[in-house]
Amino acid sequence: MSGPHVIRGSVSLPEAELMWRFSRSSGPGGQHVNTTDSQVELRFDLAKTESLPPVWKERALARLADRLVDGVVAVRASEHRSQWRNRETAAVRLASLLAEASAPPPRPRRATRIPRGINERRLREKKQRGDTKRGRSGRDWG
């Protein structure tokens, strides 16, 4: 691998907790596909990991609940002919999935009123547009 895959900040995927599985891919490669195990399945036990901060872990478990099987999240990659590139792709995909799942929720939107001038301008432009379209009808033509 090309080094630790950073989730966010100083938190990265621990290599010891990653479980790799390889199988034959159905992707590109011709006869090469039939002889090599180029498809990669990367599994990470999210429920038992100690490498994520507890708050991140709770968020990720809640957001990925429908994807988890016994607390384990799995990512598959078979786009490339090379097992090495598929490993890289799977690790990056898992890191981005965990980063997105453990991200803090967005700040709630503060409700604001639309200024009266903006609303009046919108209605005026709407009226002008309607007049333009009404002027296109052939009623007044001879």
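Computed over heavy atoms, backbone and side chain alike; hydrogens, waters and symmetry mates excluded.
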Counting only heavy atoms not in [X] (residues, nucleotides, ligands), do more than 12 fall under 6.0 Å from its [atom1]?
X      : atom1 : answer
Arg63  : CZ    : yes
Glu100 : CD    : no
Asp131 : CG    : yes
Arg21  : CZ    : no

Single-linkage hydrophobic cluster [X]~[Y], side-chain heavy atoms < 4.5 angstrom:
X     : Y     : answer
Met19 : Leu94 : no
Val92 : Trp84 : no
Leu46 : Trp20 : yes
Leu52 : Leu68 : yes

Original post:
Cut-off 3.5 Å, side chains only: do Arg116 and Asn119 have a donor facing an acceptor?
Top reply: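 Their side chains do not contain a donor-acceptor pair, so the 3.5 Å distance test is not met.
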Go through the steps to decide whether Gln83 and Val40 satisfy the test side chain to side chain contact (heavy atoms under 4.5 Å, CB included), and finish with yes or no. CA-CA 7 Å; Gln83 184 191 99; Val40 174; 4.0 Å; yes
Heavy atoms, side chains only, cut-off 4.5 Å: are [X] and [Y] in contact?
X      : Y      : answer
Val72  : Phe44  : no
Lys48  : Asp70  : no
Ile114 : Arg122 : no
Glu17  : Asp45  : no
Leu64  : Leu98  : yes
Pro104 : Arg59  : yes

* To do: Starting from the C-alpha separation in whole Å, work towards a yes-or-no answer on side chain to side chain contact (heavy atoms under 4.5 Å, CB included) for Arg67 and Leu97.
  => CA-CA 11 Å; Arg67 256 190 99 141; Leu97 179 72; 3.7 Å; yes
